S.K.: 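I have a structure I would like to understand better, so I am pasting it below and will then ask my questions one at a time.
From a predicted model like this one, the values you see are computed outputs, not experimental measurements.
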2 protein chains.
Amino acid sequence: MSESATVTVSGRRVKHPETARLRLETVLGALADPVRLSIVCALADGHEDMACVAFELPVSKSTSTHHFRVLREAGIIRQYYVGTARKSGLRVDDLEERFPGLLASVLNAERGRREEHPDDPA
Amino acid sequence: MSESATVTVSGRRVKHPETARLRLETVLGALADPVRLSIVCALADGHEDMACVAFELPVSKSTSTHHFRVLREAGIIRQYYVGTARKSGLRVDDLEERFPGLLASVLNAERGRREEHPDDPA
DNA sequence: ATCGTAGTACGACTATTGTCAAACTATGAG
DNA sequence: CTCATAGTTTGACAATAGTCGTACTACGAT
């Protein structure tokens with residue numbers, strides 16, 4: 001189980017939109033969903049490069065795939081394969097370049113909400 | 001036509017959500033539409049307290065009403081009647097209090113986009 | 001009182017979205 | 001090779017959202 005032995009990065013390549021082509025409405029729309037917002041929050045909260053399965057989302061596998069795809073196609077996350085796992089990371093720098101301050105304010109607001117209602121799952 | 005003579009502010013009162021109850025997802029969802037984004041932008045661009053009709057939106061009257069309602073119920077704008085006209089203003093302070101930096105970054109991003117594509121109506 | 005203007009309400013229609021289950025693919029482990 | 005794991009794809013479904021036209025209400029002007 002040596003770390004590098006499990007890395008494959010094979011065929012399965014994933015399309016990501018270029019930073020310059022990210023659209024504001026698409027990004028806002030992608031963030032306007034509780035499940036996706038919780039994913040983004042988890043990634044920002046030090047859980048960078050988590051496998052999809054590790055999020056324990058309250059939805060089925062296929063729905064989860066769907067949400068990750070929406071986030072990826074909006075340009076919010078970047079995904080790559082490591083073995084069978086698909087890891088995701090926030091495109092913080094790209095987002096900051098294209099929409100300065102946006103991600104930070106969204107994360108800040110969402111964290112505030114979570115302090116108010118720590119039990120609320122959504 | 002003395003200014004104050006046309007002000008009525010009569011029956012027709014409008015419901016606005018309290019600042020403390022504004023929900024992030026709702027706000028993001030409301031902003032994730034080209035028509036509504038253009039309304040918000042126009043209001044921010046010094047056209048505060050415009051009547052709905054003055055926006056010249058590329059949609060029908062009833063659709064326009066719909067979009068203004070979405071913005072109002074999300075807590076992004078405040079509306080009040082002046083005669084038959086319904087004027088709208090951005091709730092900048094409320095939004096800043098609840099979601100610091102959010103509106104500013106969205107407006108900034110949208111303005112940037114408009115400089116890139118000045119002809120693009122959406 | 002009548003008319004025009006500004007906006008709302010309602011119903012209909014279409015497109016999009018969030019959801020799931022089932023079948024499938026790719027990879028690593030044994 | 002075979003099996004389990006992680007994720008994708010497809011098709012279906014219900015709910016939501018954006019759109020419109022028509023009918024309606026409220027107000028100001030004449």
S.K.: Reading nucleotides 17-24 of chain D 5' to 3', which nucleotides get B (base under 4.0 Å from a protein heavy atom), which S (sugar-phosphate only), which -?
M.R.: -SBBB---
S.K.: Atom CZ of A:Phe55 and atom C1' of D:dA6: how far apart are they, to the nearest Å?
M.R.: 14 Å
S.K.: Go through the steps to decide whether A:Thr19 and A:Arg91 satisfy the test side chain to side chain donor-acceptor pair (under 3.5 Å), and finish with yes or no.
M.R.: CA-CA 9 Å; A:Thr19 304; A:Arg91 292 178 64 175; 3.3 Å; yes
S.K.: In whole Å, I'd like the distance from the CD1 atom of A:Ile39 to the P atom of C:dG18.
M.R.: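 That distance rounds to 11 Å.
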S.K.: Rounded to whole angstrom units, what separation is found between the CZ atom of A:Phe68 and the C1' atom of C:dT17?
M.R.: 18 Å
S.K.: I need the CD-P distance between A:Glu56 and D:dG7, as an integer number of Å.
M.R.: 13 Å
S.K.: Test of understanding: with side-chain hydrogen bond (donor to acceptor under 3.5 Å, both in side chains), list the residues that count as partners of A:Arg69, not counting sequence neighbours.
M.R.: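 side-chain hydrogen bond (donor to acceptor under 3.5 Å, both in side chains) list for A:Arg69, sorted by chain: empty.
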S.K.: Are A:Glu116 and A:Arg113 within salt-bridge range, i.e. N to O under 4.0 Å?
M.R.: no
S.K.: For A:Ile77 and D:dG7, what is the distance between atoms CD1 and P respectively, to the nearest whole Å?
M.R.: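 Checked: the CD1 to P distance equals 12 Å.
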S.K.: In whole Å, what is the span from the CD atom of B:Glu73 to the P atom of D:dT16?
M.R.: 14 Å
S.K.: Between the side chains of A:Glu115 and A:Arg111, is the shortest nitrogen-to-carboxylate-oxygen separation below 4.0 Å, so that they form an ion pair?
M.R.: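 Looking at A:Arg111 and A:Glu115, the cut-off is not met.
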S.K.: For A:Asp94 versus A:Arg78, what's the shortest heavy-atom pair and its separation?
M.R.: OD2-NH2, 3.0 Å
S.K.: Which pair of heavy atoms, one from B:Val27 and one from B:Ala74, lies closest together, and at what distance?
M.R.: CG2-O, 3.6 Å
S.K.: Nearest whole angstrom, please: distance from the P of D:dA6 to the OH of A:Tyr80.
M.R.: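 Taking atom P of D:dA6 as the reference, OH of A:Tyr80 is at 16 Å.
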S.K.: For A:Arg69 and D:dA6, give me the distance from atom CZ to atom P, rounded to whole Å.
M.R.: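 The distance from CZ of A:Arg69 to P of D:dA6 comes to 21 Å, rounded to the nearest Å.
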